[in-house]
Amino acid sequence: MNAEQQGQNFLASVNRYFDKAAAATDHPEGLLQQIKICNSVYSFQFPIQHDDGYRVIKGWRAEHSHHKLPVKGGIRYSEEASEPEVIALATLMTYKCAIVDVPFGGAKGAVKINPKDFSREQLERITRRYTTELIKKNFIGPAVDVPAPDYGTGAREMAWIADTYMAFHGEQIDALGCVTGKSLAQGGIRGRTEATGLGTFYGLREACSIEEDMKEIGLETGIEGKTVVVQGLGNVGYHAAKFCTEGGAILVGVAEFEGAIQKTDGIDLEKLMAHRKETGSIMGFAGATNLANREAGLELECDILIPAALENQITKENAPRIKAKIIGEAANGPITANAEEILEKKGILIIPDVYINAGGVTVSYFEWLKNLSHVRFGRMGKRFEQGAYDRILNIVERHTERSLSKEERQLVARGADEADLVYSGLEETMSVAYNQIREIQKTNDKVDNLRTAAFVNAINKVALCYFELGIFP
Ligand code: NAD
């Protein structure tokens with residue numbers, strides 16, 4: 001199957017999820033069509049200077065929904081990129097933003113290259129030229145369309161994008177908000193790196209806190225003591241594993257590109273990372289068993305499975321062998337539609353990607369707010385808060401005739417800094433969104449699972465927005 005066909009299939013499955021959820025709403029057909037279709041796609045080609053002369057590069061930017069502006073979504077550098085894939089990813093961004101109340105429409109961009117085939121200088125030229133094409137067509141700007149990193153891009157590319165945008169629009173006071181995922185030095189925000197993994201943890205913790213749901217799958221409430229398996233120890237998987245184990249879960253298995261390991265009494269994550277750095281592999285980790293192949297990692301006995309690598313990892317072929325009780329889809333699309341049916345028949349609770357990996361876009365939204373306000377979160381209030389708590393503690397000490405230790409005082413008398421506020425905002429976001437989705441699942445007879453509930457939630461929010469806006473002219 002070529003990249004274009006894969007993209008078509010991906011888009012078809014996103015739209016299938018939409019149609020299923022749409023049927024559980026009572027919005028008029030025309031409005032549902034307007035929510036479903038992609039508003040604009042800019043498809044373009046541009047030349048860059050390569051070692052052997054000119055090279056023509058293919059690029060896209062899809063803006064799925066203009067019901068809220070700016071639109072938002074990453075830019076990927078991938079040889080497998082195709083127009084339908086970009087549209088599918090932009091579509092998911094619309095729903096993801098709506099689910100976590102990030103006031104943006106969805107977008108996505110791609111450049112059809114393998115970044116490994118290009119030098120740093122060539123990548124910079126590609127990124128700057130791609131940005132220029134977006135500027136020419138008004139497909140980028142803090143008020144219209146705000147890209148972010150995705151597969152094959154990172155803070156370095158985001159800095160080039162910001163710099164190119166500012167070269168053309170330096171007079172715009174909010175120009176830095178034209179892109180997120182920047183480094184701290186370039187106006188990025190604390191907490192962005194770990195945001196998706198942390199959001200995954202908050203989402204799982206919320207799901208595990210509900211007694212009724214845990215009873216249904218034969219588990220106690222709470223993350224503490226739950227056994228976890230993670231597939232993919234990259235940015236998302238590592239941080240999800242880190243926060244889950246810090247929350248008291250036991251990491252009993254890890255699957256990576258090179259294979260999978262199991263250790264039923266718990267893997268020390270930092271030691272495993274050090275072992276991988278030293279040996280180039282997770283295999284042969286002290287006290288752990290090497291499994292026959294990397295796919296076997298997914299099939300381990302555990303309470304929570306976190307696929308955090310790639311799409312299409314659980315298919316109708318391996319789904320019957322999955323033993324987890326909960327699956328948190330940290331990656332985008334790790335479970336195929338056919339596999340989902342099998343897993344649900346087995347009673348597995350699937351927490352869908354459109355919700356559980358939305359921590360990244362949530363904190364990107366906070367970065368955009370920081371750029372528009374031109375001040376670091378916490379800078380104005382931190383000392384004031386600390387002083388207020390200090391004064392309260394002084395009164396408590398006077399009334400109790402007891403002096404607090406330095407540690408006790410520090411525990412209470414501190415103001416929130418940027419990281420505290422980002423974590424707090426993300427926790428609130430993930431908690432509220434989970435309960436909204438769950439409520440829909442419990443109260444709408446036509447909704448059979450959390451994925452459909454998440455889509456219904458997104459459709460309802462976008463529909464309300466369009467309905468109240470009306471149609472111009
Ligand atoms: P990453 O490249 O940092 O990590 C991916 C990891 O998966 C790597 O360590 C890689 O070696 C491993 N891997 C690759 N193939 C594998 C296989 N067959 N079996 C086991 N492991 C394998 O990427 P990431 O940023 O952590 O993203 C992971 C997933 O999460 C992707 O689906 C991405 O779209 C999704 N996601 C990421 C973010 C984010 O903020 N980074 C946000 C939302 C969704």
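Note that ligands are numbered from 1 as they come in the structure, with each ligand's atoms numbered from 1 the same way.
- The proximity of Thr196 to ligand 1, defined as any non-hydrogen pair under 4.0 Å, is limited to the side chain.
- The environment of NZ in Lys346 is crowded: more than 12 heavy-atom neighbours from other residues, nucleotides or ligands sit within 6.0 Å.
- Trp368 does not carry Lys370 over the face of its six-membered ring by the limits of under 6.0 Å from the centre and within 45° of the normal.
- Looking at Gln313, Gln231, Glu256, Glu295 and measuring to atom 9 (O) of ligand 1, the nearest heavy atom belongs to Glu256.
- Remark: Glu341 does not engage Lys316 in a salt bridge, criterion side-chain N to carboxylate O under 4.0 Å.
- Nearest protein heavy-atom neighbour of atom 32 (O) of ligand 1: Asn332 N, 3.1 Å.
- Using modelled atom types, one side-chain atom of Asn293 and one backbone atom of Ala296 make a donor-acceptor pair closer than 3.5 Å.
- Protein heavy atom at the shortest distance from atom 27 (O) of ligand 1 is Val236 CG2, 3.8 Å.
- Scanning the protein for heavy atoms near atom 4 (O) of ligand 1, the closest one is Gly234 CA, 3.2 Å.
- Protein heavy atom in closest approach to atom 29 (C) of ligand 1: Ala309 O, 3.5 Å.
- Among Arg190, Arg376, Arg192, Lys182, the single residue meeting the salt bridge (charged side-chain N to carboxylate O under 4.0 Å, His left out) criterion with Glu367 is Lys182.
- Side-chain atoms of Lys96 and Asn332 include a donor-acceptor pair closer than 3.5 Å.
- Counting only heavy atoms of the protein, atom 28 (C) of ligand 1 lies nearest to Ala308 O, 3.4 Å.
- When heavy-atom distances to ligand 1 are checked against a 4.0 Å cut-off, Ala255 comes that close only through its backbone atoms N, CA, C and O.
- Residue, atom and distance of the protein heavy atom nearest to atom 43 (C) of ligand 1 are Asn357 O, 3.5 Å.
- The Ala331 neighbourhood of ligand 1 comprises atoms 29 (C), 30 (O), 32 (O), 35 (C), with distances under 4.0 Å to a heavy atom of that residue.
- Residue-level proximity to ligand 1 for Ala330 is carried by the backbone, the only part with a heavy atom below 4.0 angstrom.
- Contacts between Glu329 and ligand 1 below 4.0 angstrom, taking non-hydrogen atoms only, are absent altogether.
- Side-chain contact of Gln172 with Tyr165: a donor-acceptor pair under 3.5 Å is present, judged by distance alone.
- Looking only at heavy atoms of the protein, atom 18 (N) of ligand 1 is closest to Arg294 NE, 3.4 Å.
- Within 4.0 Å of atom 2 (O) of ligand 1, not a single protein heavy atom is present.
- Here side-chain hydrogen bond (donor to acceptor under 3.5 Å, both in side chains) pairs that include residues 146-158, with residues two or more places apart or in two chains, are Arg76-Asp150, Lys108-Asp150.
- If you number the atoms of ligand 1 from 1 as listed, the ones under 4.0 Å from a heavy atom of Arg192 come out as 40 (O).
- Counting only heavy atoms from C-beta outward, the side chains of Val71 and His66 approach each other to under 4.5 Å.
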